[in-house]
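We count ligands from 1, going down the list as the structure has it; atoms in each ligand are counted the same way.
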Amino acid sequence: MNLLIMGPPGAGKGTQAEGMVKELDITHISTGDMFRAAIASGSEMGKKAKEYMDKGALVPDEVVIGMVKERLQHDDCKGGFLLDGFPRTVEQAAALDETLKSLSMKLNAVVNVDVPLDKLMARLTGRRVCRGCGASYHVIFNAPAKDGVCNSCSGELYQRDDDNEQSVGTRLKAYMEKTQPLIDYYKAQGVFRPINGDQDINKVLEEIMLAVK
Ligand code: ADP
Ligand code: ADP
Ligand code: ZN
């Protein structure tokens, strides 16, 4: 199954993606995680991406599109994949359609996690991420068993550089301007699955699994 999960920053895409790829045994492709890995490796691409990410701006389309195109050709995508955080612009969505076509692949469903925008700031400023496996926690809404330590891999939890009020404000604006139009784009393709992301994490996953099966 080839899936896409979208929604505003902080909607719970990463959190849900973790549960979905376990249940469906498909490959998780998060462009945000790929950029953070590139930054950690010290690559040129990482350095360039970091300038945009820290401000909360989108990385230019040509950089993201090239990276995803290459990633989708890896063998681990043949058994199904979940794209998380891509596409974020109509240009990216069109490039994805073209790439999938050239690989004789298609999207089975687009999961849209919906959360009222006024709830996202608290989710993002309280987010903590595992350095080891990338799992997402929250200091109040989804606290780890042991402070600062990942439940699944015992990795160290940290706060992302871009999870501050200023950057979150810019990201929400970028979402409304550039990403929200994708809702109509995927509705027109008949693959759009709206999900209420403003409920218990496990309830959200249940709703998603019903919607994609
Ligand atoms: P995204 O990948 O969409 O930016 P995350 O999955 O990282 O979002 O979640 C953002 C923050 O909100 C994290 O701190 C996460 O623990 C928390 N969170 C995720 N889902 C829920 C939920 N259903 N209710 C409350 N908090 C949530
Ligand atoms: P969030 O959890 O806020 O949804 P991500 O981890 O998905 O954030 O992405 C972090 C940052 O990486 C974004 O704010 C943006 O700068 C960059 N980024 C990730 N995916 C894309 C994309 N598809 N297009 C442009 N920039 C992206
Ligand atoms: Zn971990």
State, yes or no, whether a side-chain contact exists between [X] and [Y] at a heavy-atom distance under 4.5 Å.
X	Y	result
Asp97	Gln189	yes
Leu96	Gln92	no
Val204	Ile195	yes

Return a yes/no value for [X]: is any of its N or O atoms, backbone included, closer than 3.5 angstrom to an N or O of ligand 1?
X	result
Gly10	yes
Val204	no
Asp200	no
Gln16	no

Among protein heavy atoms, which sits nearest to [atom], and what does the distance come to when rounded to 0.1 Å?
atom	value
atom 26 (N) of ligand 1	Phe141 CB, 3.5 Å
atom 22 (C) of ligand 1	Arg123 NH2, 3.3 Å
atom 20 (N) of ligand 2	Thr31 OG1, 2.8 Å
atom 5 (P) of ligand 2	Arg88 NH2, 3.7 Å
atom 10 (C) of ligand 2	Arg160 NH2, 3.5 Å
atom 3 (O) of ligand 2	Arg171 NH2, 2.6 Å
atom 24 (N) of ligand 2	Gln92 NE2, 2.9 Å

Give the numbers and elements of all ligand 1 atoms closer than 4.0 Å to a heavy atom of [X].
X	answer
Gly197	23 (N)
Asn142	16 (O)
Gly14	1 (P), 2 (O), 6 (O)
Tyr137	13 (C), 14 (O), 16 (O)

Please classify the Val64 to ligand 2 contact at 4.0 Å (heavy-atom distances, strictly less than): side chain, backbone, both or neither.
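The side chain, only.
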Residue-level breakdown please: for Lys178 versus ligand 2, do any non-hydrogen atoms fall below 4.0 Å on the side chain, on the backbone, on both, or on neither?
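Neither part.
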[X] touching ligand 2 at heavy-atom level, < 4.0 angstrom:
X	result
Lys55	no
Met34	no
Pro87	no

Verify the cluster assignment for Ile183 and Leu4: are they in a single hydrophobic cluster under the rule of side-chain heavy atoms below 4.5 Å apart?
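Looking at the clustering, Leu4 is in the same group as Ile183.
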Any link between Val168 and Val129 through a network of hydrophobic side chains (Ile, Leu, Val, Met, Phe, Trp, Tyr) touching at under 4.5 Å?
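Shared cluster, no.
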Out of [options], whose heavy atom is nearest to [atom]?
atom	options	value
atom 8 (O) of ligand 1	Pro144, Ala143, Gly12, Gly7	Gly12
atom 15 (C) of ligand 2	Gly85, Ala174, Ala57	Ala57
atom 19 (C) of ligand 1	Asp33, Ile5, Thr15	Thr15
atom 6 (O) of ligand 2	Met67, Lys13, Met6, Arg36	Arg36

Everything protein-side that's N, O or S and under 2.8 Å from the Zn ion (ligand 3): list it, residue and atom.
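Under 2.8 Å from the Zn ion (ligand 3) - ignoring waters, which are not counted - the protein N, O or S atoms are Cys130 SG, Cys133 SG, Cys150 SG, Cys153 SG.
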Assess whether atom [atom1] of [X] is packed by more than 12 heavy atoms of other residues, nucleotides or ligands within 6.0 Å.
X	atom1	value
Asp25	CG	no
Gln199	CD	yes
Gln159	CD	yes

Between the side chains of Arg123 and Asp163, is the shortest nitrogen-to-carboxylate-oxygen separation below 4.0 Å, so that they form an ion pair?
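Between Arg123 and Asp163 there is no salt bridge, as every charged N stays at least 4.0 Å from the carboxylate O atoms.
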State, to 0.1 Å, how close [X] and [Y] come at their nearest heavy-atom pair, and which atoms those are.
X	Y	value
Phe86	Leu83	O-CB, 3.7 Å
Ala143	Tyr137	C-CD2, 4.4 Å
Arg88	Leu58	CD-CD2, 3.5 Å

Which distance, rounded to the nearest 0.5 Å, do you find between the OH of Tyr52 and the OG1 of Thr170?
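It comes to 14.5 Å.
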[Y] backbone acceptor or donor facing [X] side chain under 3.5 Å:
X	Y	answer
Arg171	Asp162	yes
Glu18	Ala135	no
Thr27	Asp76	yes
Arg128	Leu157	no

Atoms of ligand 2 less than 4.0 Å from Arg127 heavy atoms?
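Checking each atom against Arg127, I get 2 (O), 3 (O).
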Any nitrogen or oxygen of Val59 lying under 3.5 Å from a nitrogen or oxygen in ligand 2? Just yes or no.
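For ligand 2, there is an N or O atom that lies under 3.5 Å from one belonging to Val59.
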So, applying side chain to side chain donor-acceptor pair (under 3.5 Å) with Asp84, which one of Gln16, His28, Lys13 is it?
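Considering Gln16, His28, Lys13, a side chain to side chain donor-acceptor pair (under 3.5 Å) with Asp84 is found only for His28.
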Gln199: heavy atom below 4.0 Å from ligand 1, yes or no?
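It does, in that a heavy atom of Gln199 comes within the 4.0 Å cut-off of ligand 1.
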Scan the side chains in residues 100-107 for donor-acceptor partners under 3.5 Å anywhere in the protein, sequence neighbours excluded, and list what turns up.
{"residue": "Ser102", "atom": "OG", "partner": "Thr99", "partner atom": "O", "Å": "2.8"}

